[in-house]
Asker: 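Just dropping this structure here.
Order of appearance sets the numbers: ligands from 1, and atoms from 1 within every ligand. In this chain, numbering begins with 1 at the start of the sequence shown.
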Amino acid sequence: MKRVALYGGVFDPVHSGHVAVAEQILTELKPDELFLIPCGNPPHKKGRRISDGYHRAQMLRIATQSMKKVFVSDYEIARTETSYTVHTLEHFKKKYGQDTELIWVIGADNIKPFFSWYQPKRILELATIAVLARPGFNRKDAQTAFPDCYIIGQKQINVSSTQIRENCKIGKSITGLVPPSVEEYIKEHSLYPPTITIAQAEQLVKERLREHRCLHTFGVRKEAVRLAKRFGADEEKMALAALLHDITKQISLEEQLALCKQYQIIPDQMQKESTALLHSITAEAVAFYQLGIDDNEILSAIRYHTTGCADMNLFIKIIYLADCIEPNREEYPGLSEIRSLAWENLDKAVLASMERGLIHLKETGKPIHPDTISAIESLKGEIT
Ligand code: DGI
Ligand code: FE
Ligand code: FE
């Protein structure tokens, strides 16, 4: 019977420990093929933004290029929706048919969580589990959970992707922690740039934005931090989001489209035609790829500061609102009402401000972006 082993992970980035595990899977399980499967990239979740799937897969290819029988699967990174293990296994089952044994490799720390994964029973119908032993690992735990499982004796390698990213962020060497070719790739694509400080962000604003826009940006920062205090959000994170929200506002549409191309972002038709919509998308990309910001709350606040979106978090709401009511904003009908409402009821203020924006768009004959519509509908649902 043909045997195919599948080893999934975030691989941001792949490191020497992963490579050692892959070697061990080959020597201990002797599968006909081993697939390394980087997971998809669920956008705008809380926590850290994962690097682009394309780069994570490329690093895996480079790290394992000399290993026979090892392949990298793009299946999960190519899916836009969350990819559950069960979907991946169905995919491989279809590809190889009933006569192939699929082996799903998990870490020992995943034995308990496994049973709260999506459709664990189906997973066990589709695949045999292989558990990576860790120091302090108890064989019985694995065998009780999965009676027919394989156990792979893992060597202890003290390296983690987190450590690698953190080293990169402070300019510390990662030599020896990743294969040399991966180190080269990380440098070449500056995958983990150092995170910009607030002082550096202020400087960047002054360099990239003309005086009027600078004043606006510093006004947004002031207002956003005030609202962060009022509603209990992290003030430093809010300040960074505010400082960077319009960082690409004064580059041409052509340059903005070039940034999209560079970072493999596909804008929709409306965004392609207007810097008013595109600048928030390119600002997010610059923050992530060039300025080393990987915090999803900051990134999503930048990304949605122009239109809003469904189910906005506190950061998105505050940056959206601060953008509209900052002290240097030119007067518009309803501004003072929205300003006083902001202190009392954030949601109502954001909604009022969005509805005011909608009137303006209708008056000027601009098309309404679907995110603007979802934002308003979603917020109305939250308020009532
Ligand atoms: O960048 P700012 O000027 O500080 O403010 P912003 O990022 O909120 O951009 C405001 C511009 O975006 C304004 O010209 C209107 C435009 N805009 C906002 N929502 C939509 C929109 N344009 C279109 N076509 N559709 C929208 O839904
Ligand atoms: Fe803007
Ligand atoms: Fe702005």
Side-chain angles (χ1 to χ4, degrees), residues 201-202 204-206 208-228 238-253 255-257 259-260 265 267-287 291 298-310 312 315-335 338-339 342 349-380:
E202 285 171 353
L204 200 69
V205 166
K206 288 179 197 154
R208 296 206 186 166
L209 300 177
R210 290 189 281 274
E211 200 186 338
H212 187 68
R213 184 59 52 182
C214 271
L215 273 177
H216 161 68
T217 295
F218 289 115
V220 174
R221 193 257 293 260
K222 192 169 174 197
E223 183 60 36
V225 169
R226 201 176 77 98
L227 291 171
M238 197 65 80
L240 265 182
L243 286 168
L244 298 172
H245 85 285
D246 275 341
I247 199 70
T248 53
K249 183 83 180 183
Q250 285 172 340
I251 64 176
S252 68
L253 188 59
E255 283 172 283
Q256 303 221 21
L257 290 168
L259 280 173
C260 290
I265 297 163
D268 62 36
Q269 197 54 40
M270 245 188 251
Q271 291 160 342
K272 263 186 208 161
E273 289 167 358
S274 121
T275 52
L277 289 171
L278 200 53
H279 77 282
S280 58
I281 293 166
T282 51
E284 182 202 29
V286 165
L291 309 177
I298 302 181
L299 292 171
S300 59
I302 298 173
R303 166 72 175 78
Y304 291 107
H305 85 261
T306 305
T307 56
C309 62
M312 291 181 281
F315 278 76
I316 304 179
K317 288 174 184 171
I318 289 182
I319 294 294
Y320 183 93
L321 189 61
D323 196 18
C324 300
I325 65 171
E326 54 97 4
N328 306 314
R329 260 283 176 215
E330 274 165 40
E331 279 295 322
Y332 56 83
L335 177 58
I338 297 173
R339 278 192 177 132
V350 176
L351 183 60
S353 169
M354 287 187 163
E355 285 180 328
R356 176 60 230 161
L358 203 61
I359 294 171
H360 180 72
L361 288 172
K362 285 182 181 155
E363 278 171 5
T364 48
K366 287 186 187 135
I368 317 291
H369 192 272
D371 285 341
T372 303
I373 295 166
S374 330
I376 292 176
E377 276 174 9
S378 164
L379 208 49
K380 276 184 180 162

Asker: L277 and side-chain contact (heavy atoms from CB on, under 4.5 Å): which single residue from T372, T307, D371 fits?
Answerer: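 One option only clears the test, and that one is T307.
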Asker: Would you check the N or O atoms of P367, main chain and side chain alike, for any that come under 3.5 Å of an N or O of ligand 1?
Answerer: yes
Asker: Let me see the working for R221 and E202 under side chain to side chain contact (heavy atoms under 4.5 Å, CB included), right down to the final yes or no.
Answerer: CA-CA 10 Å; R221 193 257 293 260; E202 285 171 353; 2.8 Å; yes
Asker: Are any side-chain N or O atoms of S274 and backbone N or O atoms of Q271, one a donor and one an acceptor, separated by less than 3.5 Å?
Answerer: no
Asker: Could you grab the distance from atom CZ of R208 to atom CZ of R213, nearest 0.5 Å is fine?
Answerer: 15.5 Å
Asker: Would you verify that at least one protein heavy atom lies under 4.0 Å from atom 13 (C) of ligand 1, or report that none does?
Answerer: no
Asker: Of all the non-hydrogen atoms in the protein, which one sits nearest to atom 27 (O) of ligand 1, and at what distance?
Answerer: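 The protein heavy atom lying closest is T372 OG1, 2.6 Å.
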Asker: How far is atom 16 (C) of ligand 1 from its nearest protein heavy atom, and which residue and atom is that?
Answerer: A276 CB, 4.0 Å
Asker: Are side-chain heavy atoms of L278 and C260 found at a separation under 4.5 Å?
Answerer: yes
Asker: Please determine if the Fe ion (ligand 2) has an N/O/S atom from H245 lying under 2.8 Å away.
Answerer: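 So H245 does not bind the Fe ion (ligand 2) by this criterion.
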Asker: Which single N/O/S atom of H305 lies at minimum distance from the Fe ion (ligand 2)?
Answerer: NE2
Asker: Please say whether D246 places an N or O atom under 3.5 Å from an N or O atom belonging to ligand 1.
Answerer: yes
Asker: Under the side chain to side chain contact (heavy atoms under 4.5 Å, CB included) rule, what do I319 and I302 come out as? Steps first, then yes or no, please.
Answerer: CA-CA 8 Å; I319 294 294; I302 298 173; over 6 Å; no
Asker: Could you tell me which atoms of ligand 1, counted from 1 in the order shown, lie closer than 4.0 angstrom to a heavy atom of H216?
Answerer: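 Listed by number with element, the hits are 4 (O).
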Asker: Tell me the contacting part of R213 for ligand 1: side chain, backbone, both, or neither, using a 4.0 Å heavy-atom threshold, strictly below.
Answerer: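 Side chain only; the backbone of R213 stays clear of ligand 1.
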Asker: Would you call E377 and K380 a salt bridge, using N to O less than 4.0 angstrom?
Answerer: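 Here E377 does not pair with K380 in a salt bridge, since their nearest N and O are not under 4.0 Å apart.
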Asker: Using a strict cut-off of 4.0 Å, indicate which atoms of ligand 1 neighbour a heavy atom of K249.
Answerer: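 Those of ligand 1 that fall under 4.0 Å from K249 are 1 (O), 2 (P), 3 (O), 9 (O).
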Asker: Do any N/O atoms on H279 end up under 3.5 angstrom from N/O atoms on ligand 1?
Answerer: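 Between H279 and ligand 1, an N or O pair is found under 3.5 Å apart.
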Asker: Among the N, O or S atoms of D323, which one sits nearest to the Fe ion (ligand 3)?
Answerer: OD1
Asker: D246: which N/O/S atom is nearest the Fe ion (ligand 3)?
Answerer: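 Checking each N, O and S atom of D246, the shortest distance to the Fe ion (ligand 3) belongs to OD2.
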Asker: Counting only heavy atoms, which portion of M270 has something under 4.0 Å from ligand 1: side chain, backbone, both, or neither?
Answerer: neither
Asker: Which atom pair, heavy atoms only, marks the closest approach of L227 to A342?
Answerer: CD2-O, 4.1 Å
Asker: Would you sort out whether S353 and Y320 count as a side chain to side chain contact (heavy atoms under 4.5 Å, CB included), showing the intermediate values?
Answerer: CA-CA 9 Å; S353 169; Y320 183 93; 3.6 Å; yes
Asker: Distance-only, no hydrogens or angles: does the Q256 side chain make a donor-acceptor pair with backbone N or O of T248 under 3.5 Å?
Answerer: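 Yes; judged by distance alone, with no hydrogens or angles, the pair exists.
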Asker: Do any of the N/O/S atoms of H216, backbone or side chain, fall under 2.8 Å from the Fe ion (ligand 3)?
Answerer: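 Checking H216: at least one N, O or S atom is under 2.8 Å.
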Asker: Who's the nearest protein heavy-atom neighbour of atom 6 (P) of ligand 1, and how far?
Answerer: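 Answer, as residue, atom name and distance: D323 OD2, 3.6 Å.
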Asker: Considering the heavy atoms of H305, write down every atom of ligand 1 situated less than 4.0 Å from one of them.
Answerer: 7 (O)
Asker: To the nearest 0.5 Å, how far apart are OG1 in T306 and CD1 in I281?
Answerer: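 These two atoms lie 8.5 Å from each other.
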Asker: Suppose I only count heavy atoms of H369 and a 4.0 Å limit; which atoms of ligand 1 are within that range?
Answerer: 25 (N), 26 (C), 27 (O)
Asker: Which of these, T364, T306, L358, L361, has its nearest heavy atom closest to atom 20 (C) of ligand 1?
Answerer: L361
Asker: Report the C-alpha separation of D323 and R329 in whole Å, then their side-chain angles, then the decisive distance to 0.1 Å, and conclude whether the side chain to side chain contact (heavy atoms under 4.5 Å, CB included) test is met.
Answerer: CA-CA 8 Å; D323 196 18; R329 260 283 176 215; 3.5 Å; yes
Asker: Of all the heavy-atom pairs spanning A242 and T217, show the shortest one and how long it is.
Answerer: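 Taking A242 first and T217 second, the nearest heavy atoms are O-CG2, 3.8 Å.
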Asker: Heavy-atom contacts with R329 under 4.0 Å: which atoms of ligand 1 show up? List them by number with element.
Answerer: 2 (P), 3 (O), 4 (O), 5 (O)
Asker: For ligand 1, which atoms have a heavy atom of K366 less than 4.0 angstrom away?
Answerer: 14 (O), 24 (N)
